[in-house]
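These notes are about the structure you will find just below.
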Amino acid sequence: TVPGELKWAASPSEGGWEEVSIMDEKNIPIRTYQVCNVLEPNQNNWLRTDWIPRSGAQRVYVEVKFTLRDCNSLPGVTGTCKETFNLYYHESNEDRESYIKESSFIKVDTVAADESFTQVDVGDRIMKLNTEVRDVKVTTRKGFYLAFQDVGACIALVSVRVFYKTCPLTIRNLATFPDTITGADTSSLVEVRGSCVNQSEEREEPKMYCGADGEWLVPIGGCFCSPGYEEKGGACKACSAGFYKAKSSDAGCFKCPPHSHSVRDGATVCDCHSGFFRADSDPPSMACTQPPSAPQQLISVVNETSVVLEWAPPRRLGGRSDTNYPRMGSGSISSSQLCLPCGSDVLFSPGQTGLKTSRVVVSELRAHTHYTFIVHARNGVSQASGAGAAQSVSVSVTTNQAAPSPVSSILAIDVTRHSLSLSWQQPDRPNGVILEYEVKFYEKDQKERSYRIMRTFSRSVDVTGLNPLTVYVFHVRARTAAGYGEFSAPFEFSTNSGIHAVKFKIIARMLSLVFFICVLNLHHLCLIRRSKYSKTKQDSEEEKHLNPGVKIYVDPFTYEDPDQAIHEFAKEIDVSSIHIEKVIGMGEFGEVCSGRLRVQGKREIYVAIKSLKAGYSDKQRRDFLSEASIMGQFDHPNIIRLEGVVTRCKPLMIITEYMENGSLDAFLRKHDGQFTVIQLVGMLRGIASGMKYLSDMSYVHRDLAARNILVNSNLVCKVSDFGLSRVLEDDPEAAYTTRVRRKIPIRWTAPEAITYRKFTTASDVWSYGIVMWEVVSYGERPYWDMNNQDVIKAIEEGYRLPAPMDCPVVLHQLMLDCWERERAERPTFSQILNMLDKLIRNPGTLKTTPEERPAEMLLV
Ligand code: AMP
């Protein structure tokens with residue numbers, strides 16, 4: 001339809017494609033390009049369009065209308081006649097390329113005439129007009145050229161239409177999606193984000209996909225009309241007067257609820273009519289309401305020093321169901337006629353505020369006192385309405401006389417073998433003048449089967465004629481003109497034994513003498529030794545003298561009869577009170593099980609049960625029970641507690657408290673890296689505290705290692721394993737190495753203990769340093785896979801374990817202190833405990849780690 005000539009480039013310029021004007025069926029002149037060299041062989045005639053800008057399109061469609069002569073209809077043609085032509089394209093940024101090589105064109109398709117043609121009358125001829133559409137991806141340049149190659153057909157190009165497809169602008173789910181050009185491939189979808197229409201807000205990000213054919217697909221999300229607006233015809237329109245919409249998610253505008261109105265379009269909430277209110281918690285859909293009227297018919301019934309108040313609900317509840325009686329105002333009038341608020345000791349039942357019921361009992365009032373009670377009624381809009389005072393009703397009463405309240409505590413001010421002197425305070429509420437006190441008492445064992453009564457005018461009494469060393473139970477009550485009050489709660493006091501008192505004094509004197517001698521000793525020791533840690537002699541024998549008054553551990557092997565030791569230090573448990581549940585480990589003498597223990601009169605507890613396997617020798621029995629004899633002497637939160645033993649039937653058992661997390665080394669390996677430094681230090685503190693206790697008792701553990709620490713469910717670590725003998729192991733790399741009589745855990749043991757069996761608290765401190773290292777490295781094996789001989793040699797040469805990963809410098813320094821060659825230079829457990837406490841109190845000191853740490857061992 002172009003007026004004038006198109007002037008597309010033809011090659012060859014003569015004898016190939018020619019621009020010919022013809023008349024279409026409506027007699028309108030149109031331009032065509034024709035070629036018809038059917039009689040000559042080897043035709044190669046090219047026709048190239050002008051540059052076509054692609055305008056953002058990625059796939060363009062080319063619709064070609066053409067006529068093509070059937071070779072058979074041409075008289076005298078030979079095999080040179082063709083019935084197809086080829087369509088090419090070439091992408092380019094140049095809009096005026098004068099010459100383009102044929103080889104730069106890319107073929108789109110070979111086009112043939114098909115059946116779908118229309119017949120067109122052109123002048124006196126009828127033309128069969130074919131329409132073919134091809135599509136092609138154009139993404140690399142600003143535009144492109146099309147070319148038609150004829151290879152010997154008789155063609156007339158009547159129309160070439162080039163277009164691309166878009167998904168047209170649309171509104172879906174209140175979101176606008178712009179006109180969008182389709183993607184480059186026939187299967188590609190273009191994701192498009194919509195924008196909410198005016199007066200709407202996003203419900204969920206609105207999205208759709210533009211398909212290759214220009215249709216919108218898969219709408220997701222969308223928008224809501226804003227509060228005050230509702231959807232109409234794909235847009236948001238304001239709610240009209242008398243209507244409101246509170247939330248964007250509401251379905252539409254609603255009529256204003258009762259007693260409210262909206263005068264303007266677009267209301268989000270309706271205003272209450274005058275005299276009506278809305279509480280903060282009321283939803284906009286709720287009707288506006290009013291505060292309640294005052295409670296009605298308040299009546300009071302006085303019963304000694306209690307008053308029962310009852311009232312009827314307010315006549316008007318204001319259209320709400322949340323009326324309550326928020327606070328019982330009350331005041332008492334004293335003799336001076338000034339109204340004072342009731343004290344906090346007055347009891348209101350069921351309560352003083354927020355009452356839902358219309359009855360309350362007020363007790364513990366003073367006798368003969370005038371009281372005024374005010375009952376307020378209120379509901380959710382009382383505060384908004386500001387009408388508090390108008391909603392209350394009051395009543396005044398005078399309480400009667402009443403008995404005194406009970407005496408709250410009794411003290412024993414002097415105790416002898418046969419007498420007790422007691423004293424007490426006047427009752428909190430005497431309710432009148434106290435005329436007398438009555439003291440009731442009996443022997444505790446006798447219960448109240450037989451008791452004695454004494455009366456006194458004062459607030460004390462001397463009770464004589466009692467039995468020595470006997471517990472008595474006392475109750476005291478007061479009497480006024482109104483009668484006796486109630487007895488006090490029971491108070492227990494025991495008479496003492498004169499003999500014991502004398503003995504006690506002698507022992508106390510002896511102890512102070514011993515203490516004096518020890519202080520002298522200590523002073524002497526301090527003078528002769530000096531070290532970084534104020535040195536103490538670490539040998540257990542010597543320590544015994546340094547701890548006057550402290551219980552000393554008794555070696556069960558000093559008893560000739562082992563059963564005597566066991567019965568002195570351990571409780572015999574009836575096997576029927578033990579309920580074994582499962583096997584949890586393997587001990588030296590047999591299985592270790594968990595289970596429950598129920599001792600009469602005590603609650604059931606979880607326990608660990610070690611048993612001695614059948615076929616044991618006398619020595620094994622003795623060794624097995626020795627652990628219980630030792631453990632039974634200890635009582636500390638960081639030492640495993642012995643519950644008792646079973647020796648009267650077989651198998652023999654040792655029952656201890658149950659430690660849910662088992663042994664510390666395995667526990668740490670299982671939870672590698674999961675604890676904070678403070679938690680680790682907390683564990684170490686527990687172990688140090690247990691060890692301090694053992695060292696105070698002059699007990700040398702000899703086998704302190706993470707495997708011998710047990711952990712409970714609260715991460716409390718307790719020292720265990722007080723066995724005195726070790727099984728022989730064939731493995732030379734085993735923890736224990738045979739030396740003379742007993743096996744030594746080389747990696748944990750101080751050098752002097754290895755070389756000349758000098759086991760002391762100071763050698764336990766060395767082991768404690770190793771335990772510190774095990775804990776901070778989460779259960780790593782000390783000295784890794786070095787063999788025992790190499791470990792001994794390395795220590796001898798001054799090597800020490802390096803700081804584990806992320807180990808605070810202070811902790812490693814403490815380890816190094818524990819590993820001082822000179823045992824007197826090592827800290828005591830008491831010093832270690834103090835140090836750890838300090839670190840826990842100042843966690844900042846635990847943060848510092850050295851900048852670079854050599855991977856190999858440290859030479860100290
Ligand atoms: P022992 O003979 O004390 O070395 O105990 C052997 C294993 O039994 C230990 O390594 C623990 O895993 C477990 N075990 C021993 N005593 C207890 C206990 N009181 N609570 C929990 N597990 C224990």
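When a ligand or atom number is given, it counts from 1 through the structure's own listing order.
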Using a heavy-atom cut-off of under 4.0 Å, does the side chain or the backbone of [X] touch ligand 1, or both, or neither?
X	value
N708	neither
E657	backbone
M586	backbone

Just to confirm my output: which protein heavy-atom neighbour is closest to [atom], and how far is it?
atom	answer
atom 10 (O) of ligand 1	S663 OG, 3.8 Å
atom 4 (O) of ligand 1	D721 OD2, 3.9 Å
atom 11 (C) of ligand 1	L710 CD2, 4.0 Å
atom 23 (C) of ligand 1	I584 CD1, 3.8 Å

Report task. Would you check if the side chain of T495 reaches a backbone N or O of N467 as a donor-acceptor pair within less than 3.5 Å? Result -> yes

Report task. May I ask you to check if ligand 1 and M659 share an N or O to N or O distance below 3.5 Å? Result -> yes

Query raised in the report: Can an N or O of T656 be found at a distance shorter than 3.5 Å from an N or O of ligand 1?
Result: yes

Report task. Verify whether the ring centers belonging to F589 and F624 lie closer than 6.0 Å. Result -> yes

Query raised in the report: Between W819 and W766, how do the two ring planes meet: parallel, tilted or perpendicular, split at 30° and 60°?
Result: tilted

**Report entry** For E581, all residues meeting salt bridge (Lys or Arg N to Asp or Glu O under 4.0 Å), sequence neighbours excluded
**Finding:** R596

**Report entry** Shortest heavy-atom approach to atom 18 (C) of ligand 1 - which of A608, A666, G587, G662
**Finding:** A608

Report task. Would you tell me which option among V607, V592, N712 has the nearest heavy-atom contact to atom 14 (N) of ligand 1? Result -> V592

Query raised in the report: Under 3.5 Å, is there a donor-acceptor pair between the W748 and E774 side chains?
Result: yes

Query - Residue-ligand contact K610/ligand 1, heavy atom below 4.0 Å - result: yes

Report summary line: Sorted by chain and residue number, the side-chain hydrogen bond (donor to acceptor under 3.5 Å, both in side chains) partners of Y778 (sequence neighbours excluded) come out as none

Report task. Given salt bridge (charged side-chain N to carboxylate O under 4.0 Å, His left out), test D665 with R669 step by step and report yes or no. Result -> CA-CA 6 Å; D665 59 335; R669 284 195 280 270; 3.1 Å; yes

Report task. Side-chain contact test, heavy atoms from C-beta onward, threshold under 4.5 Å: evaluate it for F557 versus R622 and give yes or no. Result -> yes

